[in-house]
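Below is one structure, written out as structure tokens; comments come after it.
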Amino acid sequence: MSLDIATREAYGKKLAALGETHPEIVVMDADLSGSTKTNIFKKQFPERFFNVGVAEQNLMGTAAGIALSGHTVFVSTFAIFATGRAWEPVRQSIAYPKANVKICATHAGITVGEDGASHQSVEDIALMSAIPGMKVMVPADAHQTMSMMDYLVKTPGPAYLRLGRATTQQVFDADYVYEEGKGAVLRDGTDVCLFTTGFVTKATLDAATRLEEKGVSASVVCMGSIKPIDADLIVAMASKHKVLFSVEEHSVVGGLGAAISEVLTSQKPARLFRLGIQDAFGQSAPYQELIKHYELDEEGIARQVLGKLAAL
Amino acid sequence: MSKSIQELQDIANEVRVSIVKMVHTANSGHMGGAMSFADMLTALFYNKLNYDPKNPKWEDRDRFVLSSGHMCAGLYTILAKIGVFDEKELWNFRQLGSPLQGHPKYNLDLGIEMSTGSLGQGLSVANGMALAARVQNKKYRVYSLETDGGSQEGMVWEAAMLAAHYKLDNRCVLFDYNNVQIDGFCSDVMDLGSVADKFKAFGWHVIEIDGHDMQACCDALDEAEKVKGKPQAIISKTTLGKGVSVFENKSKFHGTPPTDEEFAIAMKELGN
């Protein structure tokens, strides 16, 4: 049976499970514990859970103090507030002293849906990637989320885990194990390579099947880690394919596509088209409609790929 | 290593001399606030903190977070004087490769509890350390400096709310109120009004003192330690650049190094 749940839900359940075996874990939230799913941990370990109210800067500063006193601290709120509102306290009080704080932010990207642009972070990967030493990870499904969390609890230092609100279809098997900074080849093709990450991974895989029917053989690579980025895999794929694409539920400025571009320009110049949010704010609508509107559903991705190839 | 009031006053004076020398040597840095806070800092480290200079990573130590990081010349001097590191290091302040950065960089080997410099974050960080003590059933106390200019940052008041909400009675804020910030008097730039009333309204135990009265500094630290169920704020009225006539109450000396002539006057007036 496939595990089709939102990555935030996988996060909440896994966090509570980790709480059993890791007494050093402390969890914090900023008045969104029902939405971020940290309330599952809170219920089981109330003495290790702190709600700071609607105060994201204070969330980060307080987390840093707890972490520097010997704890592994998981902090959660919506992605735009964790990375935008609190960016400088994350930089100053968490990243600079290398505090062991895991910023696990939910409601990333446009799949927040009806709440609209104020709540849809399309810049969080860019913001976190810019901070020295910050790891940036984006799970594609529940299994990858949980494996990344196993990695996080045994790896000291700051990290950003980007989670979503919407139900995510399973991509990885239950025995998948995340390796630091490694991408995963999900599909082998010969013509184009589609690099993807997060929520749109399943749609990208399905788009590849659709492309096959149109005579385009596509590889699909899931880049769970944006920073560090799997440069060797990018170079290998650039060597084997004529055209590369990145697909992400994030701005094309400073996201996965930008990270891949940085590798290609210095190590293996190649043509890369970046599919994602094209320097725009999101808007209100059911998330399925938004994904379709921004052409990040199976059909939209395939259409964009074919369009770019036709224009070459 | 408890000291008499006279001994503490003498040490505080030595701290001021060191602050001026460090900033003069580096030809950059912030003397004014470090000098206004020198008395309370001395009282804290010599007569209050449960701290072992030979083991700055001791888990049960009391902690001090210098939220207004620009005032670090005073903290570095105290840490050297109590023997955490060699005083020679002070003369590399703000130089390439020195662990004594222009604003503190977290380094427990040197007793620097937190990276600070971006204002108004230390209150939150220190609260976190105090919450960790609760989780771990430890008895240590956590002190942090806060300042008038620094508390114009909204995050300070987010943290003030949290400390009272969680009844952090192992938390004490040492508020240095010299009423001078970079652009002038706080009362002109952005008037803070009554800081005491603000902390009281947030649910804190507030003690107001003359921050240059060493006996009052010691008494306030003793009083704060006895408070149950509430965080404590000791609000010290102080003078920027205390002890040197040409520096006192002049916003220029918030962050400008002294000329050679001013340095000579300072050394003379501080009796060095």
Side-chain angles (χ1 to χ4, degrees), chain A residues 19 22-31 41-42 45-75 77 81 85-101 103 131-133 156-158, chain B residues 57-65 67 69 101 103-108 112-138 140-144 146 150 153-168 170-171:
Chain A
H22 293 268
E24 77 280 11
I25 290 179
V26 167
V27 176
M28 301 181 70
D29 207 298
D31 196 39
F41 183 97
K42 174 191 177 180
F45 309 102
E47 72 289 353
R48 286 192 274 144
F49 177 87
F50 298 105
N51 199 329
V52 304
V54 190
E56 294 81 12
Q57 298 179 38
N58 189 37
L59 174 72
M60 299 306 175
T62 311
I66 296 176
L68 292 176
S69 307
H71 293 279
T72 303
V73 185
F74 283 78
V75 298
T77 180
F81 309 132
R85 185 64 169 258
W87 187 84
E88 205 272 343
V90 169
R91 175 187 183 271
Q92 168 73 35
S93 289
I94 293 176
Y96 187 32
K98 299 187 171 70
N100 193 15
V101 178
I103 302 161
I131 297 176
Chain B
K57 291 180 173 174
W58 178 38
E59 287 185 4
D60 294 321
R61 71 190 181 283
D62 287 346
R63 287 140 168 90
F64 171 68
V65 175
S67 187
Q101 292 285 294
H103 294 80
K105 180 179 182 185
Y106 174 66
N107 187 334
L108 268 196
I112 301 168
E113 297 279 355
M114 188 53 182
S115 304
T116 53
S118 172
L119 292 174
Q121 301 191 23
L123 218 156
S124 295
V125 172
N127 284 348
M129 294 172 176
L131 284 170
R134 177 172 296 180
V135 174
Q136 297 168 24
N137 286 315
K138 288 188 181 295
Y140 65 76
R141 284 175 60 76
V142 188
Y143 297 84
S144 67
E146 197 44 75
E153 293 281 3
M155 187 174 163
V156 166
W157 304 102
E158 296 180 1
M161 213 182 304
L162 182 142
H165 176 82
Y166 284 105
K167 301 183 171 55
L168 293 179
N170 57 347
R171 266 294 279 128

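Convention: sequence-line order gives letters A, B, ...; per-chain numbering from 1. Note: hydrogens, waters and symmetry copies are ignored here, and every other heavy atom, side chains too, is used. Here the structure is a predicted model, which means the values were calculated and not measured.
For the pair A:T62 and B:L131, the tightest heavy-atom approach, listed with the atom from each and the gap, is CG2-CD1, 3.7 Å. Heavy atoms only, all atoms of each residue included: A:S69 and B:R63 are closest at OG-NE, 4.3 Å. In this structure, A:S93 and B:Q121 approach most closely via the heavy-atom pair OG-OE1, 2.7 Å. When all heavy atoms of B:A132 and A:H71 are compared, the pair lying nearest together is CB-CD2, 3.9 Å. Across all their heavy atoms, B:P104 and A:Y96 have their closest contact at O-CE2, 4.1 Å.
Remark: the backbone N or O of B:M155 is not paired with any side-chain donor or acceptor of A:Q57 at under 3.5 angstrom. Remark: side-chain polar atoms of A:Q92 are paired, donor with acceptor, to backbone N or O of B:S115 under 3.5 angstrom.
Around the CZ atom of A:R85, the shell of radius 6.0 Å holds no more than 12 heavy atoms that belong to other residues, nucleotides or ligands. For CZ of B:R61, the number of neighbouring non-hydrogen atoms (other residues, nucleotides, ligands) closer than 6.0 Å is greater than 12. Residue A:E88 qualifies as enclosed at atom CD: its count of foreign heavy atoms under 6.0 Å is above 12. Around NZ of A:K98, the count of heavy atoms belonging to other residues, nucleotides or ligands within 6.0 Å does not exceed 12.
For the atom pair CZ of A:R48 and CZ of B:R134, the computed distance is 16.0 Å after rounding to the nearest 0.5 Å. We find the NE2-CG distance between B:H165 and A:N51 to be 7.5 Å, quoted to the nearest 0.5 Å. Between the CD1 atom of A:I66 and the CG atom of B:N127 there is a distance of 9.5 Å, given to the nearest 0.5 Å.
For the pair A:E47 and B:V135, the minimum side-chain heavy-atom distance is 4.5 Å or more. Side-chain contact between A:L68 and B:M114 is present, with heavy atoms from C-beta onward closer than 4.5 Å.
Residue with the most contacts toward chain A among B:S124, B:G117, B:G154: B:S124 (heavy-atom pairs, distance under 4.5 Å).
Between B:Y166 and A:F50, the ring center distance clears the sub-6.0 Å criterion.
In this structure, chain A has no heavy atom under 4.5 Å from any part of B:E59. With a 4.5 angstrom heavy-atom cutoff, B:A159 touches chain A via backbone and side-chain atoms both.
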